Enquirer: 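First the structure, then my questions, so here it is.
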Protein chains: 2
Amino acid sequence: MTKTESTKSRILDAAEQLFAERGFAETSLRTITTRARVNLASVNYHFGSKKSLIQAVFDRFLQDFTKELSLELMTLEQLEPVQLEAEKLLNALIKPLLSLNSRRDNAISIFMRLLGRAYAETQGHLRRYVTDKYGHVLVRFTHLFQKGYPSLTIDQIFWRLHYMLGSMIFTLGGSEALRQISQADFNRDLGVEDVIKEMVPFLAAGMKA
Amino acid sequence: MTKTESTKSRILDAAEQLFAERGFAETSLRTITTRARVNLASVNYHFGSKKSLIQAVFDRFLQDFTKELSLELMTLEQLEPVQLEAEKLLNALIKPLLSLNSRRDNAISIFMRLLGRAYAETQGHLRRYVTDKYGHVLVRFTHLFQKGYPSLTIDQIFWRLHYMLGSMIFTLGGSEALRQISQADFNRDLGVEDVIKEMVPFLAAGMKA
DNA sequence: GTATGTTTCAAACAGTTGTTTGGAATTGAT
DNA sequence: ATCAATTCCAAACAACTGTTTGAAACATAC
């Protein structure tokens, strides 16, 4: 059993990294199994198919993330409307993100990049899978914002949340490359945590606009 | 010559649509040539390779877009610092976008989706190609913001521009799918133009924060 | 030690990919 | 009408894809 687990998780480790780097279609099972130092057939043996492997990669991430996020939302849901400031709501999203990074190096970037790629899969199984399984936290989030900012219409909140998601996925998912540009043009280097901190006032101001 | 042009542009039309829908790797030349009703070999004859075809698709879009954008930037660059409000700067970006849509249906979504996919290509030729060829407008944009908001540091401006780009690419590129969700959950339907209008105050507030 | 179930592995499978080829069809100029 | 250049096209190419197979290696229990 221990040998199996190491094979499965070695595959997951290699897969999530490669998927984030190159994309799903651009990553072959042979590339994954070579990097994971396991036999090619073991992916189909342990996961069934490449599609299922992709979902398994997401599952591992989303389990950790949504568990923490759900906890944050629960405490927020017991607050009075006046206490629900945008900054506080944003932190409920950011705290679980940051704790991802404490478990594994670079986890935020990988996770955001995977999300971005899943989102880009327009025709795909993945998009449905992610939204079906984890769309309810978005709904809870929407309700919280509605409660804190009752002057905004529900569509305004809906769309602003998506502007926000776009900012986060885009900048955090590509942060290495962006940091390279930033470093080249402005001779400064920011870590992912710094970028997130910079992001909060920007997003909060937008949500309150 | 006229036959050739029609073949070339038929390929470009089919390719840009399919690339935006499914992605570059997920779209085969056979799918493209079938939809374009041309022979398979004509892609390699007219464009050389699939990579070059992808670049050609971008070129056609970016030529129209950057020409208009550059014009907008020029008029802004002759204004006084106090006149450079965030809303005005945003409109300089949005106007060329909207005029894309007047030429071809759905052009904004397609363009944004292509940009998103190019951006996701981390290892790739495309990323370099786009940033190399059109990165200077980003620099001009940064300078304008710096002039209008001198209290912000250069890194703050740099990152906020990227938050902004993320919002735009994410929401406009996926707007059909998002609109579906919006329609299902809130029974409202917004066109791309409406989403953009909704976006301006959000982004402007963030930039000024 | 034998038997049972699980996991690994090399090899092969059928299908798809981008690209190349050499000849046919078409074009435009003289 | 003749010639040269351009464009088209069916067919084939080698390389790569995800998946399956059946036997070998391993582990676990009696």
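Labels below follow one simple rule: chain letters A, B, ... track the order of the sequence lines, proteins then strands, and each chain is numbered from 1. As a basis for the values below, the full set of heavy atoms in this structure was taken, side chains included, without hydrogen atoms, waters or symmetry mates. Source: prediction; values computed, not measured.
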Enquirer: Quickly work out the B/Glu26 CD to C/dT16 P distance and round it to whole Å.
Expert: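 Computing the B/Glu26:CD to C/dT16:P distance gives 16 Å.
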Enquirer: If you compare every side-chain N and O of A/Thr7 against the phosphate oxygens of C/dT8 (OP1, OP2), does one of them come in below 4.0 Å?
Expert: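 For C/dT8, OP1/OP2 do have a side-chain N/O of A/Thr7 under 4.0 Å.
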Enquirer: Within 45° of the six-membered ring axis of B/Phe47 and under 6.0 Å from that ring's centre, is NZ or CZ of B/Lys8 located there?
Expert: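 Yes - B/Lys8 lies over the ring of B/Phe47, closer than 6.0 Å to its centre and within 45° of its axis.
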Enquirer: Can you check whether A/Asn39 has a side-chain N or O nearer than 4.0 Å to OP1 or OP2 of C/dT7?
Expert: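 No, A/Asn39 has no side-chain N/O under 4.0 Å of OP1/OP2 on C/dT7.
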Enquirer: Show the distances under 3.5 angstrom between N or O atoms of the protein and N or O atoms of nucleotides 20-24 of chain D.
Expert:
none

Enquirer: Sequence neighbours left out, what passes salt bridge (charged side-chain N to carboxylate O under 4.0 Å, His left out) with A/Lys95? Give chain and number order.
Expert: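 For A/Lys95 the salt bridge (charged side-chain N to carboxylate O under 4.0 Å, His left out) partners, ignoring immediate neighbours, are A/Glu72.
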Enquirer: Side chain of A/Thr27, backbone of A/Gly23: donor and acceptor closer than 3.5 Å?
Expert: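 Indeed, once roles are kept as given, a pair shorter than 3.5 Å links the two residues.
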Enquirer: Can you find a heavy atom in the side chain of A/Leu93 that is under 4.5 Å from one in the side chain of A/Met164?
Expert: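 The answer is yes, as the side chains (C-beta and beyond) meet within the 4.5 Å cut-off.
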Enquirer: Could you identify which residues of residues 27-36 of chain A place a heavy atom less than 4.0 Å from some atom of DNA chain D, listed by residue number, or say none?
Expert: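 A/Thr27, A/Ser28, A/Leu29, A/Arg30 - these, ordered by number, are the residues of the stretch whose heavy atoms sit under 4.0 Å from the strand.
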Enquirer: Starting at atom CG of A/Leu53, determine the distance to atom P of D/dT17, rounded to an integer number of angstrom.
Expert: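 After rounding, the gap between these two atoms is 15 Å.
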Enquirer: Could you state the atom-to-atom distance from CD1 of B/Ile11 to C1' of D/dC8 in whole Å?
Expert: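 Taking CD1 of B/Ile11 and C1' of D/dC8, I get 11 Å after rounding.
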Enquirer: Are the side chain of A/Ser109 and the backbone of A/Asn106 linked by a donor-acceptor contact shorter than 3.5 Å?
Expert: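 Looks like no, no N/O pair under 3.5 Å.
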Enquirer: Among residues at least two apart in sequence or on other chains, which ones pass ring-ring contact (aromatic ring centres under 6.0 Å, His included) with B/Phe141?
Expert: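 Listed in chain order: B/Phe145.
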Enquirer: A/Ser49 and A/Ser52: side-chain donor and acceptor closer than 3.5 Å?
Expert: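 Yes - a donor-acceptor pair under 3.5 Å links their side chains.
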Enquirer: With B/Arg104 as the cation and B/Phe61 as the aromatic partner, state whether NZ or CZ is under 6.0 Å from the six-membered ring centre and within 45° of the axis.
Expert: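 Because its charged atom sits under 6.0 Å from the ring centre and within 45° of the axis, B/Arg104 does stack over B/Phe61.
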Enquirer: Would you kindly give the CZ-to-P distance between B/Phe47 and C/dT20, to the nearest whole Å?
Expert: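 Distance, rounded to whole Å: 16 Å.
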Enquirer: Output the rounded distance in Å from NZ (A/Lys50) to P (C/dT16).
Expert: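 Answer to the nearest Å: 16 Å.
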Enquirer: So do the side chains of A/Thr33 and A/Val43 get within less than 4.5 Å of each other, counting heavy atoms only?
Expert: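 Sidechains of A/Val43 and A/Thr33: in contact.
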Enquirer: Just report the end-to-end axis angle for the helix from C/dG1-D/dC30 to C/dT30-D/dA1, five pairs per end, to 10 degrees.
Expert: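 About 10° separates the two local helix axes.
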Enquirer: With sequence neighbours excluded, tell me which residues meet salt bridge (charged side-chain N to carboxylate O under 4.0 Å, His left out) with A/Glu68.
Expert: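 Applying salt bridge (charged side-chain N to carboxylate O under 4.0 Å, His left out) to A/Glu68 gives A/Arg103.
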Enquirer: When you measure from the side-chain N and O atoms of B/His46 to the phosphate of D/dC8, is any distance below 4.0 Å, counting only OP1 and OP2?
Expert: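 So the side chain of B/His46 is within the cut-off, an N or O lying under 4.0 Å from OP1 or OP2 of D/dC8.
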Enquirer: Parallel, tilted or perpendicular, judged at 30° and 60°: which one describes the rings of B/Phe24 and B/Phe58?
Expert: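 The rings of B/Phe24 and B/Phe58 sit tilted, inter-plane angle from 30° to 60°.
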